[in-house]
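Report on the following structure.
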Amino acid sequence: MDSALNKAADAIGRASHVIAVTGAGISVESGIPDFRSPGGIWDTYPPEQYATVDAFMADPDRVWTMWYALGALLGNVTPNAAHRALTMLQDLGRLRAVITQNIDNLHQEAGCLEVIEYHGNARQMRCLRCDGTRALDILKRTDRAPRCACGGVMKPDVVLFGDYIPEEAAAAADYAARAADVVLIVGTSATVYPAAQIPVTAKLHGAFIIECNLEPTGFSHNITDAFLRGPAGTTLPALAEAVRARLGQ
Ligand code: NAD
């Protein structure tokens with residue numbers, strides 16, 4: 001990993017526009033399992049029955065049972081060393097923005113100032129009738145889908161399969177990808193679209209791609225220039241430290 005780490009730190013040290021694209025893997029060391037691994041939430045709540053727009057429209061009360069189960073996973077977690085390392089890169093003046101597929105709010109809690117939430121945030125819900133939003137206490141369970149003051153059914157303000165990516169987030173992510181000269185991809189399997197297109201767009205516009213993951217993904221042999229293998233809570237702090245040393249700070 002040392003030569004990949006050095007290549008990655010050199011690229012970040014030289015770059016003028018670095019962004020990160022993060023997925024479920026960055027939060028695993030905070031205690032939130034990724035959904036896909038055996039024992040993950042999809043085993044109990046198959047996505048086609050619980051995580052699609054059609055499933056929600058057919059039976060919101062039923063889909064909310066999955067959100068309460070998720071709430072128990074997301075409710076009491078804190079950022080880990082990988083989230084903090086990205087904030088350190090930001091504070092060194094080396095990271096402009098994080099585009100995250102996660103809905104757990106952990107980049108913000110780690111002090112990251114520019115977070116583009118590609119799939120929404122589990123701490124907010126939106127009314128399907130009047131489009132109003134309200135904070136969601138994910139630890140507070142009710143028997144049925146919560147209702148808005150207007151009487152409409154509230155939906156967690158996150159992107160379900162079949163939903164559109166929020167327009168502002170999609171535009172901001174596309175702009176950041178085209179402007180980036182380095183992209184750090186952390187803990188994402190490269191299988192969820194259109195999020196998986198972001199690093200590809202950056203590569204097509206000339207960016208150097210650094211990937212941090214436990215194992216190779218669909219990105220690794222196609223667009224990745226430096227692969228840092230291992231838990232992000234180990235590889236990202238080492239990378240941030242190597243960048244700091246190069247900057248002499
Ligand atoms: P994914 O579950 O498809 O893939 C996770 C990736 O992270 C895998 O490639 C895995 O090898 C890697 N990984 C696991 N532990 C790691 C670690 N410690 N360090 C580095 N890499 C590690 O995740 P995805 O690509 O983000 O897609 C899943 C979808 O589900 C996303 O849309 C995301 O929004 C959502 N999701 C969100 C959360 C969250 O908010 N924390 C958690 C699970 C899933």
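No hydrogens, no waters, no symmetry mates; every other heavy atom, side chains included, goes into these values. Sequential numbering from 1 along the given sequence is applied to the chain's residues. One-based numbering, in listed order, for ligands and for the atoms of each.
Of the protein's heavy atoms, Gly25 O, 3.4 Å lies nearest to atom 17 (C) of ligand 1. The protein heavy-atom contact nearest to atom 25 (O) of ligand 1 is Thr188 OG1, 2.7 Å. The protein atom (non-hydrogen) at minimum distance from atom 35 (C) of ligand 1 is Phe35 CE1, 3.8 Å. Closest to atom 20 (C) of ligand 1, if we only count protein heavy atoms, is Ala232 N, 3.6 Å. Ranking the protein heavy atoms by distance from atom 41 (N) of ligand 1 puts Asp104 OD2, 2.7 Å first. Looking only at heavy atoms of the protein, atom 29 (C) of ligand 1 is closest to Val192 CG2, 4.2 Å. At the top of the distance list for atom 15 (N) of ligand 1, counting protein heavy atoms only, stands Leu214 CD1, 3.4 Å. The single protein non-hydrogen atom nearest to atom 28 (C) of ligand 1 is Arg36 NH2, 3.6 Å, given as residue, atom name and distance.
Inspection of the Thr78 and Glu109 side chains reveals no N or O donor paired with an N or O acceptor under 3.5 Å. Side chain to side chain, Ser220 and Glu211 meet the donor-acceptor criterion of an N or O pair below 3.5 Å. Checking Asn80 against Ser27 by side-chain atom types alone, no donor-acceptor pair falls below 3.5 Å. With hydrogens and angles left out, the side-chain atoms of Glu117 and Gln108 include a donor and acceptor closer than 3.5 Å.
Considering backbone and side-chain atoms together, Ile32 places no N or O closer than 3.5 Å to any N or O of ligand 1. Taking any N or O of Cys212, backbone or side chain, none lies under 3.5 Å from an N or O belonging to ligand 1. For the pair Leu74 and ligand 1, the shortest N or O to N or O distance does not fall below 3.5 Å.
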Would Arg62 and Gln49 count as a side chain to side chain donor-acceptor pair (under 3.5 Å) if you check the C-alpha gap in whole Å, the side-chain angles of each, and the deciding distance to 0.1 Å? CA-CA 9 Å; Arg62 182 164 180 274; Gln49 291 174 34; 3.3 Å; yes
Could you walk me through whether Ser189 and Thr217 pass the side chain to side chain donor-acceptor pair (under 3.5 Å) check? CA-CA 6 Å; Ser189 61; Thr217 69; over 6 Å; no
In sequence, state the C-alpha distance, the side-chain angles, and the governing distance for Tyr68 and Thr142, and then conclude on side chain to side chain donor-acceptor pair (under 3.5 Å). CA-CA 9 Å; Tyr68 293 130; Thr142 54; 2.7 Å; yes
Evaluate the salt bridge (charged side-chain N to carboxylate O under 4.0 Å, His left out) criterion for residues Lys155 and Asp163: first the C-alpha distance (whole Å), next the side-chain angles of each, then the deciding distance (0.1 Å), finally the verdict. CA-CA 12 Å; Lys155 173 180 170 290; Asp163 262 331; 2.9 Å; yes
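Each of the atoms 31 (C), 32 (O), 34 (O) of ligand 1 lies under 4.0 Å from some heavy atom of His119. Ligand-side atoms of ligand 1 in range of Glu215: 11 (O), range being under 4.0 angstrom from any heavy atom. Ligand-side atoms of ligand 1 in range of Ala24: 2 (O), 23 (O), 24 (P), 26 (O), 42 (C), 43 (C), 44 (C), range being under 4.0 angstrom from any heavy atom.
Of all the heavy atoms of Ser27, the ones lying under 4.0 Å from any atom of ligand 1 belong exclusively to the side chain. Only the side chain of Val28 comes within contact range of ligand 1, with a heavy atom under 4.0 Å; no backbone atom does.
Ion pairing of Arg84 with Asp91 is absent here, as no side-chain N (NZ or NE/NH1/NH2) approaches a carboxylate O to less than 4.0 Å.
The option with the heavy atom closest to atom 5 (C) of ligand 1, from among Gly187, Gly23, Gly31, is Gly187.
The backbone N or O of Ala82 lies less than 3.5 Å from no partner atom in the side chain of Glu29, so there is not a single donor-acceptor pair. Here the side chain of Asp137 pairs a donor or acceptor atom with the backbone of Leu139 at under 3.5 angstrom.
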